[in-house]
Amino acid sequence: MSLTWYGNQSTAEGCCFGSLAVIFPLLERMKVAEIINQHVPADPQAEFDHGTVLSLLVAARLHSPVALSNLGRWAGDSGADILWGMPVEKINDDRLGRSLDAFFDQRHSILASLALHVSHQFDVPLSSLHYDPTHILFEGAYENSEPRTSVVDGKTVRSDDALDPAHITKGRPTDDAPKGARMTHVGLCTHVDELGPLPLFGHTVDGNQNGRTAVHEQLALITKHLRPTKLTMISDRGTFSVGHLLRLADEGYHALCSAPWNDFRPLFDEHFGRLLWKEASYLSMEQKRRRESSSDLPQEHYELAVLRHRVQDEASRRELACRVIFVYSTADEKVVRRQRQKQIERLREGLQKIEQSVAAGRRSTDENSVARRVAKLLGTKQAARYFCWEMKTLTASQRSRLPKPARGCRRPTHRFVWSFDDSLLAEDEQYDGYAVLVTTVPPSRASADALFTKFKQQNYVEHVNSRFKGPLVVRPVYLHSPRRVESLVFLMMIALTVYFLLQRLYRQAIPAEASQKEQRTTTETILAAFTNYTLLIHRTRLGRVVHPTRLTTRQREILNRLGFPTPAHILSHHLPRAPT
């Protein structure tokens, strides 16, 4: 039997050290502050160097994202002021702003140096990188944000202080970006393997530019700053162009890219009868589980067919040999047909309502009003092409036979007629479930099956992008200077590298016999394990005395696997021992 007793009130203060127990040692191993200082030397008269200030800001985004104006308060509450040796009153907007301004002038070089250091220090190859852009939304006018000159100008590649910040402007509407929303795009290059994703390098793009521009600029920056000896760049169809394949080939690199289906549909039709289809070895984790558990749920699969081909760039007329990999997915076929049928049903219901409204003689049923209603209903939906409609004028005889109109209605002068074309539907259905990949990787280096498995890892990159809008929270952004906004976005890329490197290091240390759940431990789980870890602080006439508390068994296990020192070791190294 255990007893709990009430003791006298303590003079000790609690300090929520939390996940700094793992964030701080990883930032040191990555040499974040040191690399920043190598590129941005501090003013000799400055009290704190830029590396110290900005690594503190990165830690804050990982520990507990707050507005920059609240960074000092956060540092005091978490004990970060102790580790970074910066008094709370010194952590202010002016100091942060000056460091962000200095960082801007070397942002690409710093990010590249960190990527190269991580690659070397943690054995992460740069030979295969997934690329995927995402958008960041902004509120406010940002009237001083202007369109910038291109990153690539002939053989010149602009970066660092020679390149203005990305234009915060209206971009294309998406599911989470309403029409007229202001944004910039962020493109990330991510290494993916059995340990998961690790973002290593990136850049920003004007809010109104597309994926083709983004991937062109990213390749130019990779070639300038990272200079890998070999590279396969993997990206989605929004980035596909023959020009992109040629630019990679000119550098001695390779491409693996999904492409718009309609661009290769004629090729598919021409060779369909001669294509040799083989089932792909790739299965999603859910499909693997279904097979292992003998589940009654549908067992879906992919099939691949490969075709040697030559593509031509319309502008330069240059040609390039490649492999076209046609992909058939049983699951995608079902999904596409389900979604199309829902769209067809919604359009049918909408047209029936318009038909009934015209027949009843209600308001807004003249020809122009009906045309506007139909255009709004059909919009740009794919299923719209299956429907035809017209307004047929009623003869005087036909009008006379109509029943007396209801109150508020008038006798109709037209009849709304619409039809559905089953042949067009059948034409589209024959392509359901098909997609296409294009690669310049030689067959001797990788089979189509291996490349398809590699391409499916693109899902991990989308997960990385979601961190910008999830736990790390790039917003709220209360910076009115586009230069400082861009600096913060680049620091967020560094934070993303730290975030995913943490789980990578942990997974590397997991023994092979460990459970699947343990082997897939995430950074979120690791950080959560330290949420309640606290420091005790006593204030004396000689200053503060910091006492680390005892670690739980789980916390100690995590630190041991990561090879990180305990908070007690960290603090004893950074602080002098208190006088007895």
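Numbers here simply count residues along the sequence, with the first being 1.
For the side chain to side chain contact (heavy atoms under 4.5 Å, CB included) test with Gln508, the passing option among Leu562, Leu195, Asp123 is Leu195; the others fail.
Aromatic ring orientation, Tyr328 versus Tyr434: tilted (interplanar angle from 30° to 60°).
A salt bridge is absent between Arg415 and Glu390: the closest approach of a Lys/Arg side-chain nitrogen to an acidic carboxylate oxygen does not fall below 4.0 angstrom. For Lys288 and Glu292, the salt-bridge test fails: no basic side-chain N is under 4.0 Å from an acidic carboxylate O. Between Arg318 and Asp250, at least one side-chain nitrogen of the basic residue sits less than 4.0 Å from a carboxylate oxygen of the acidic one, meeting the salt-bridge criterion. Looking at Arg340 and Asp432, a side-chain N of the basic residue comes within less than 4.0 Å of a carboxylate O on the acidic one, giving a salt bridge. The pair Arg289-Glu286 meets the salt-bridge criterion, with a side-chain N (NZ, NE, NH1 or NH2) lying under 4.0 Å from an Asp/Glu carboxylate O. Between Asp296 and Arg290, none of the side-chain N atoms (NZ, or NE/NH1/NH2) sits under 4.0 Å from a carboxylate O, so this pair counts as no salt bridge. Ion pairing between a basic and an acidic side chain is recognised when a charged N comes within 4.0 Å of a carboxylate O; Lys392 and Glu367 show no such pairing. Asp193 has a carboxylate O that lies under 4.0 Å from a charged side-chain N of Arg504, or vice versa, which qualifies the two as a salt bridge. The pair Lys278-Asp449 does not count as a salt bridge, with every side-chain nitrogen at least 4.0 angstrom from each carboxylate oxygen. Using a 4.0 Å cut-off between charged nitrogen and carboxylate oxygen, Arg385 and Glu427 count as a salt-bridge pair. For Glu486 and Arg148, the salt-bridge test passes: some basic side-chain N is under 4.0 Å from an acidic carboxylate O.
Counted by atom type alone, His301 and Gln299 present zero donor-acceptor pairs between their side chains at under 3.5 Å. Defined by atom type and a distance below 3.5 Å, a donor-acceptor pair is present between the side-chain atoms of Ser159 and His225. Under the 3.5 Å distance criterion, with hydrogens and angles disregarded, a donor-acceptor pair is assigned to the side chains of Asp366 and Ser369. Judged purely by distance below 3.5 Å, without hydrogens or angles, the side chains of Ser423 and Asp421 pair a donor atom with an acceptor atom. Side-chain contact annotation: Arg291 with Gln287, donor-acceptor N/O pair under 3.5 Å present. A side-chain donor-acceptor contact under 3.5 Å links Tyr431 and Asp269.
In this structure, His135 contributes its side chain and Met183 its backbone to no donor-acceptor pair below 3.5 Å. At distances below 3.5 Å, not a single donor-acceptor pair connects side-chain atoms of Tyr460 with backbone N or O atoms of Thr190. Under the 3.5 Å distance criterion, the side-chain polar atoms of Arg323 are left unmatched by any main-chain donor or acceptor of Val306. Between the side chain of Gln458 and the backbone N or O of Tyr131, at least one donor-acceptor pair lies under 3.5 Å. Listed for the Ser145 side chain is a donor-acceptor partner under 3.5 Å among the backbone atoms of Ile168. Side-chain atoms of Lys454 come within 3.5 Å of backbone N or O of Val192 as a donor-acceptor pair. Thr439 places a side-chain N or O within 3.5 Å of a backbone atom of Ala255 that can act as its donor or acceptor partner. The backbone N or O of Cys322 lies less than 3.5 Å from no partner atom in the side chain of Arg310, so there is not a single donor-acceptor pair.
When all heavy atoms of Arg373 and Ser357 are compared, the closest pair comes out as NH1-OG, 3.4 Å. Nearest heavy-atom pair, Ser241 versus Arg247, reported as atom, atom and distance to 0.1 Å: OG-NH2, 4.2 Å. In terms of heavy atoms, Glu300 sits closest to Leu283 at O-CD2, 3.8 Å. Of all the heavy atoms in Leu126 and Leu231, the pair that sits closest is O-CD1, 3.5 Å. Listed here is the closest heavy atom pair of Ile344 and Ala383: CG1-CB, 3.9 Å. Across every non-hydrogen atom of Thr204 and Met493, the tightest pair is CG2-CE, 4.3 Å.
Relative to the ring axis of Phe420, Arg348 places its NZ or CZ within 45° and under 6.0 Å from the centre.
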Could you give me the CA-CA distance, side-chain angles and deciding distance for His463 and Phe500, then say whether ring-ring contact (aromatic ring centres under 6.0 Å, His included) is met? CA-CA 11 Å; His463 170 64; Phe500 285 96; 5.7 Å; yes

Show your reasoning for whether side chain to side chain donor-acceptor pair (under 3.5 Å) applies to Asp313 and Ser316. CA-CA 6 Å; Asp313 179 44; Ser316 65; 2.8 Å; yes

Criterion ring-ring contact (aromatic ring centres under 6.0 Å, His included) on Phe264 and Phe268, from CA distance to verdict: CA-CA 6 Å; Phe264 289 87; Phe268 178 81; over 10 Å; no

Step by step, would you call Trp277 with Phe326 a ring-ring contact (aromatic ring centres under 6.0 Å, His included)? CA-CA 9 Å; Trp277 294 90; Phe326 291 110; 7.1 Å; no

Please lay out, stage by stage, how Glu349 and Lys353 fare under the test salt bridge (Lys or Arg N to Asp or Glu O under 4.0 Å). CA-CA 6 Å; Glu349 291 174 3; Lys353 288 180 181 178; 5.6 Å; no

Checking Trp418 against Tyr386 for the ring-ring contact (aromatic ring centres under 6.0 Å, His included) test, could you report, in this order, the C-alpha distance in whole Å, the side-chain angles of both residues, the deciding distance, and whether it holds? CA-CA 10 Å; Trp418 62 274; Tyr386 309 141; over 10 Å; no

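The distance from atom NZ of Lys456 to atom CD1 of Ile234, rounded to the nearest 0.5 Å, is 13.0 Å. Considering CZ of Arg182 and CG of Asn208, their distance stands at 11.0 Å, rounded to 0.5 Å. In this structure, the separation between OG1 on Thr523 and CG on Leu502 is 4.5 Å, given to the nearest 0.5 Å.
Annotation for Gln430: atom CD counts as buried by contact number, over 12 foreign heavy atoms lying within 6.0 Å.
Taking the side chain as every heavy atom from C-beta outward, Glu303 and Ser329 never approach each other to under 4.5 Å.
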